[in-house]
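Proteins get letters first, then strands, A, B, ... in listed order; numbering begins at 1 in each.
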Amino acid sequence: MKKLKQQITNAVSASLTSLSYPEKEFSLAPPKNPEFGDLSTNISLLLTQNLKMPPLEIAQSIAKELNKELPHHISEISVTLPGFINFKVDKSFYQSKVKTILDEDDSFGKSGLGAGKTANVEFVSANPTGPLTVGHGRNAVLGDTVSSILEWHGFDVTREYYFNDAGRQMRILGQSVEARYFEILGKEFEFPDDGYKGTYIKDIAQTILDDLGVDLSAGDSSFKEKAEISIFEDIKKSLLNLGVHFDQFTNEKTFYENGEIDKLLSELRDKDLIYDKDGATWFRTTALGKDQDRVYIKSTGEPTYRVPDTAYHRDKINRGFDLIIDIFGADHADAYPDVLLALESLGLKTDQIRVLLYQFVTLLRGGEKIKMSTREANFVTMDELVNEVGIDVVRYFFIMRSMNTHLDFDLELATDQSDKNPVFYLQYAHARICNIIKHGQESGLELGDDFDSGLLSHPEEINLIQHMVRFPEIMELAFENLEPQIIANTLQELATRFHKFYGQCHVITEDRVLSNARLALITSVKVIMGNGLKILGLTAPERM
RNA sequence: ACCCUCGUAGUUCAAUGGAUAGAACAAGUGCCUCCUAAGCAUUAGAUGCAGGUUCGAUUCCUGCCGAGGGUACCA
């Protein structure tokens, strides 16, 4: 399809030249209404200003020129109001594509854009202060799917989880566990004001009691350490439950221990980008075009998150990745530009870094907003959700929405409607195909190498193939935009066209030659649907 | 107050600056002697408000209204 479009583009350009019209970038895309043809260009609408002519007239002159020698696979050129030039692609072009898809199989639509390249995707990166919640779910599913998209295009991807077990949050976590420990023992305890109130804290305290006995004293480091280990195990388990695995966990502590943070600070100081004021150390962001300076080291001596974050990103750059992706929640929108600024001021190139911001999920229960807070223990865990509605429903729910939409997640609706989740629509198409193939086998029909694709001329058959040939371009688009949702949309459309085909055309019939051709067709649909579902981390069931 | 993101059908969401704004759920109506009715067909229903750019705006720009996030020596 890409080649065909290139040919048409060239042909249009050539006719512009012979008509002495100016060169201009123009679009060539399938029109919304298929009656107009398979591809349309807006070139004449764009030229109307330069030429001071009505667009329709321009279109007609170009079409006349193109008609002198029709581009390959083009059977008809028409002009419609207000001045689109439409191309009708020959059926045989589409018919021949079934074989292409079957031949390329798992590779159909792979661009190779990332061949020989490496990518790092950092996501989730939640500190181990509590269970993985629905809030983290969007991050996890997005990051995992973006990683899969990169892998599809040939990248060698490292899925990475960055965490910090040394900061304030973790200190309070330890204090919370300690308080519960003494509470269980009936001793005096003081629960921190901003402590973690979840019941999992009590569970951890109980475990510590069981394992280490009753003699721990206040301030024992076991409280925090045990809590961290236990919670991290839970998080990892929840991630696996969601179908997400990580290749690497990186601890913020590393950059204190290996001296990278000191190095970073002294380099910035040498460039006069750091100064001391009010007992704190400041990063001179105003010198780099921002409207206020930022604290780098608090008066307590503790660096703010920006410092290790910058060291961490320098580390990722030094590891030589061709592409570095961060999946952040909207609350980071203001923070990451400072990290990039610091890196750039150190002379590092940051073009390969792409930050994907996703908007928060608003949790609702029966229309009522739930304010999520790990500390206040107002959260719904991913495990609860996955156990209730299943991994495919959860993943698809997050994938089918654009990451910059503020989405509402009503728990009641989610569970009530989980059996109506559109993910089943895709999976059902896949299962239906598998069933037809099985049915064919039972009646002695097996897809061979030679089938007559010329028999695939029913409108629904052509309609189906017309959509399939766009798959490679759509996968490229998903890569450029790093939006999994694009894939969800295209599979949705593929399933629709398949179901319509199914309603109109019987595959296994008395007519063996036709059956064979249709078997080839649906197998090619299965290839694309299967690949698409796999990229999205969804199962492709053989029966439902 | 300022910055970022968003505002589309009753609800949850789609729509490379293009032609008649698409789905799903909810509401109404049809279709299983036929490869799975988790499907198909069909009715009704929407671009927050006001301007601007453009041949053409849901999309780009300005203002207003509304939601979420940020403007922390929290991450």
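Base contact: Tyr502(A) has a heavy atom under 4.0 Å from a base atom. Within 4.0 Å (heavy atoms only), Leu46(A) reaches at least one base atom of the nucleic acid. Here Cys505(A) lies in heavy-atom contact (under 4.0 Å) with a base. If you check every strand for non-hydrogen atoms under 4.0 Å, Lys369(A) touches sugar and phosphate atoms only. Among the protein residues, Ala280(A) comes within range of the nucleic acid bases, having at least one heavy atom under 4.0 Å from a base atom. Heavy atoms of Gln427(A) sit nowhere under 4.0 angstrom from any nucleic acid atom. At the heavy-atom level, Glu302(A) lies nowhere under 4.0 Å from the strands shown. Using a 4.0 Å heavy-atom criterion, one finds that Ser402(A) contacts the sugar-phosphate atoms exclusively. Within the nucleic acid shown, Ala431(A) comes within 4.0 Å of at least one base atom, counting heavy atoms only. Using a 4.0 Å heavy-atom cutoff across all strands shown, Tyr305(A) reaches at least one base atom of the nucleic acid. When heavy atoms are screened at a 4.0 angstrom cut-off, Asn86(A) is found touching base atoms of the nucleic acid. Residue contacts for Gln485(A): at a heavy-atom cut-off of 4.0 Å it reaches the sugar-phosphate backbone alone, with no base atom in range. As judged by a 4.0 angstrom heavy-atom cut-off over every strand, Asp278(A) is placed among the base-contacting residues. Residue-level contact check: Asp334(A) touches the backbone only, with heavy atoms under 4.0 Å from sugar-phosphate atoms and none from bases.
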Could you go through nucleotides 45-47 of chain B and list every protein N or O atom that sits under 3.5 Å from one of its N or O atoms, giving the distance for each pair?
none

For nucleotides 23-30 of chain B, give me every protein contact, N/O to N/O, under 3.5 Å, one pair per line with atom names.
{"from": "C25(B)", "atom 1": "O2'", "to": "Gln417(A)", "atom 2": "NE2", "distance (Å)": "2.6"}
{"from": "A26(B)", "atom 1": "OP1", "to": "Lys420(A)", "atom 2": "NZ", "distance (Å)": "3.1"}

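In terms of phosphate contacts, Arg432(A) brings a side-chain nitrogen or oxygen within less than 4.0 Å of OP1 or OP2 of A37(B). For the OP1/OP2 pair of C73(B) and a distance below 4.0 Å, the side-chain nitrogens and oxygens of Lys277(A) include no atom meeting the criterion.
At whole-Å resolution of the value, CG in Asn481(A) and P in U59(B) are 19 Å apart. For the pair Glu493(A) CD and A21(B) P, the computed distance is 17 Å after rounding to whole Å. Taking atom CG of Asn404(A) as the reference point, atom P of U58(B) lies 19 Å away to the nearest angstrom. What separates CG of Leu407(A) from C1' of C6(B) is a distance of 12 Å, to the nearest Å. Distance CZ (Arg294(A)) to P (A72(B)): 6 Å, rounded to an integer number of Å. In this structure, His332(A) places its NE2 atom 16 Å from C1' of U5(B), rounding to the nearest Å. Rounded to whole Å, atom C1' of U11(B) lies 12 Å from atom CZ of Phe397(A). What separates CG of Leu364(A) from P of G68(B) is a distance of 12 Å, to the nearest Å.
When the side chain to side chain donor-acceptor pair (under 3.5 Å) test is applied to Asp511(A), no partner is found at least two apart in sequence or on another chain. Under the side chain to side chain donor-acceptor pair (under 3.5 Å) criterion, Asn463(A) pairs with Arg497(A), not counting sequence neighbours.
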Give the dot-bracket line for RNA chain B from 5' end to 3' end: parentheses for intra-strand Watson-Crick or G-U pairs under 3.5 Å, square brackets for crossings, | for inter-strand pairing, dots for unpaired. (((((((..((((....[...)))).(((((.......)))))....(((((..]....))))))))))))....
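For a distance-only test at 3.5 Å, the side chain of Asp408(A) fails to qualify as a donor-acceptor partner of the base of U12(B). The base of C73(B) lies close enough to the side chain of Ser299(A) for a donor and an acceptor atom to sit less than 3.5 Å apart.
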Compile the donor-acceptor pairs under 3.5 Å between side chains in residues 473-482 of chain A and protein atoms, sequence neighbours left out, one pair per line.
{"from": "Glu473(A)", "atom 1": "OE1", "to": "Lys5(A)", "atom 2": "NZ", "distance (Å)": "2.8"}
{"from": "Glu476(A)", "atom 1": "OE1", "to": "Lys2(A)", "atom 2": "NZ", "distance (Å)": "3.4"}
{"from": "Glu476(A)", "atom 1": "OE2", "to": "Lys2(A)", "atom 2": "NZ", "distance (Å)": "3.0"}

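Against the 90° criterion about 0, the sugar-base torsion of C32(B) places it in the syn range.
The aromatic ring of Phe36(A) sits over the base of A19(B), with ring centres less than 5.5 Å apart and planes tilted by under 30°.
Look at Lys253(A) and Asp165(A) and you find a salt bridge, because one of the NZ, NE, NH1 or NH2 atoms lies within 4.0 Å of a carboxylate O, short of that distance.
Counted by atom type alone, Tyr275(A) and Asp293(A) present one or more donor-acceptor pairs between their side chains at under 3.5 Å.
Ring-centre distance between Phe246(A) and Phe123(A): below the 6.0 Å cut-off.
Distance from the side chain of Phe84(A) is smallest for G18(B) among the nucleotides C74(B), C35(B), G18(B). Minimum atom distance to the side chain of Arg401(A) is reached by C13(B), of the listed C55(B), C13(B), G68(B).
The separation of C6(B) from U43(B), taken at their P atoms, amounts to 34 Å, rounded to a whole angstrom. Taking the P atoms as reference points, A15(B) lies 14 Å from U59(B), given to the whole Å.
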Worked check of salt bridge (Lys or Arg N to Asp or Glu O under 4.0 Å) between Arg269(A) and Asp276(A): CA-CA 10 Å; Arg269(A) 203 176 280 276; Asp276(A) 299 314; 3.5 Å; yes
